[in-house]
Amino acid sequence: MKRWLLFLSGFLVLVTTACRPTPPPKATEIFVVTAVPTATPMPTEEIAPTEVLRVMTPTAAPRPTDTPQPTLTPPAAPLDRITQGKRLGRGVNLGNALEAPREGEWGMVLQAEYFRLIAEAGFDTIRVPIRWSAHALKDPPYTVDEDFFRRVDWVIQNGLENGLNVVINMHHYEEIFEDPAAHRERFIAIWQQIATRYKDMPDNVYFEPLNEPHGNLSQDSWIRLLGDTILAIRRIDNRHTLIVTGANWGGYSGLQSLRLPEGEENYVCTFHFYDPMLFTHQGASWTGTGYQTLGVTWPGPPATPVTPDPEAAKVSWVYSWFRQYNTYPAETNPAGPKPIRDAFDRAAKAAEKLGCTLWLGEFGAFEQADMQSRVNWTKFVREEAEARGMSWAYWEFGAGFGLYDRTAGRWREELLRALIP
Ligand code: BGC
């Protein structure tokens with residue numbers, strides 16, 4: 001554990017350790033999702049700007065400054081962060097669309113009807129993963145492309161018109177995980193533009209600074225960057241609720257070292273949950289050789305032992321995981337309920353210390369697992385989250401983990417019922 005003095009506010013950060021085992025390099029995800037294309041070309045009339053959104057046409061992006069300026073005075077009636085967290089309720093991620101390098105490249109183009117379907121199914125919230133970094137100038141002033149902004153306007157508008165809360169995030173800014181220092185200024189400048197554009201949105205629009213910080217964006221550097229970004233946002237928008245996560249892929253362990261700038265009160269804490277990865281990510285091309293054994297059921301032990309594929313068997317932790325999975329009774333099985341309960345207890349404890357509501361912003365099991373196991377796991381995780389007062393958003397609507405079968409034009413009922421009984 002180390003201590004760092006933040007140059008702007010002088011508060012302390014604490015540092016802890018890892019959570020999510022394997023970085024999913026998303027480039028290969030392109031392969032997976034394009035295998036089930038249902039994309040229709042993006043209708044041009046759908047990206048028209050709207051009167052509902054009183055958006056400002058961005059001028060040049062404001063430059064982040066090294067001279068600390070006072071944040072805006074807090075709103076007269078600030079939002080209550082606990083209420084804002086609870087309000088997120090039950091949600092779904094609109095995954096594989098706007099966080100692909102270009103919308104459609106991963107086989108998913110958002111359609112107006114999806115928002116209606118999601119609302120009618122009983123969801124409260126959409127989380128919108130967005131790869132802003134692919135749509136902003138590489139050099140100062142890092143201007144975000146106006147057409148892309150209009151597309152995001154359209155998504156927000158459709159969410160709001162259907163009565164959904166909308167979480168706007170920054171997803172797959174891969175370059176910042178490689179070289180955080182080189183991308184700090186650009187990252188903050190992009191957030192300044194987002195805040196400027198959406199500062200007059202209703203209170204049920206939320207900003208999530210970064211999805212799953214990892215790589216060279218270590219615990220320390222992430223907490224510093226998060227603090228600087230929050231201060232920059234707050235100079236523009238002191239109204240909207242921020243959704244904050246720890247480093248190490250945004251898992252529950254990262255929550256323990258999460259710190260916010262002094263005086264920041266309006267935030268919801270988030271973490272992602274995919275354990276056991278050998279079940280939820282079996283056969284996912286982006287997770288690498290350890291994860292290619294199929295037939296992993298949940299909960300364990302399986303009726304007949306599962307033999308790890310030859311490549312996976314060479315990875316020692318994977319080999320021993322399978323040995324336990326095949327032989328341990330339900331109470332101690334690594335694919336049993338206990339590790340999930342324990343993880344959620346730890347997450348809840350960390351959130352209690354931070355005084356925030358927890359939002360389980362992603363969880364889901366990939367389509368290669370059998371449907372009954374996916375249903376079992378999804379229902380169990382959702383119930384454990386709700387039992388601890390967490391709001392949640394399933395990963396994701398209509399691609400590889402999808403609740404909605406876009407080819408057939410219908411919900412995967414069993415999976416949907418695991419979430420919304
Ligand atoms: C990432 C997604 C990914 C999902 C499943 C998430 O953490 O944000 O891009 O598809 O995990 O691996």
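In listed order, ligands and their atoms are each counted from 1. Note that the structure is predicted; figures quoted are calculated from it, not measured.
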Practice problem: Check each atom of ligand 1 against the heavy atoms of Tyr274 and keep those under 4.0 Å away; list them by number with element. | Solution: 4 (C), 5 (C), 6 (C), 7 (O), 11 (O)

Quiz prompt | Check: Thr196 main-chain N/O paired with Asp237 side-chain donor or acceptor under 3.5 Å | solution = no

Quiz item: Any ion pair linking Arg90 and Glu386 (charged N to carboxylate O, less than 4.0 Å)?
Solution: yes

Self-check item: Carboxylate-amine/guanidinium proximity below 4.0 Å for Arg87 and Asp203
Solution: no

Quiz item: Quick one: does Glu99 get within less than 4.0 Å of ligand 1, heavy atoms only?
Solution: no

Quiz item: Under a heavy-atom criterion of less than 4.0 Å, does Trp286 contact ligand 1?
Solution: yes

Region of [X] engaging ligand 1 - heavy atom pairs below 4.0 Å:
{"X": "Phe401", "answer": "side chain"}
{"X": "Asn211", "answer": "side chain"}
{"X": "Phe366", "answer": "neither"}

Quiz item: Got a sec, which pairs hit side chain to side chain donor-acceptor pair (under 3.5 Å) with one end in residues 319-341, sequence neighbours left out?
Solution: Thr297-Tyr325, Lys338-Asp342

Quiz item: To which of Glu362, His172, Met277 does the heavy atom nearest atom 9 (O) of ligand 1 belong?
Solution: His172

Quiz item: Where does the angle between the aromatic ring planes of Phe397 and Tyr404 fall among parallel (under 30°), tilted (30 to 60°) and perpendicular (over 60°)?
Solution: parallel

Quiz item: For the residue pair Phe366 and Trp286, does the interplanar ring angle fall in the parallel (under 30°), tilted (30 to 60°) or perpendicular (over 60°) class?
Solution: perpendicular

Quiz item: Do any nitrogen or oxygen atoms of His171 lie less than 3.5 angstrom from nitrogen or oxygen atoms of ligand 1?
Solution: yes

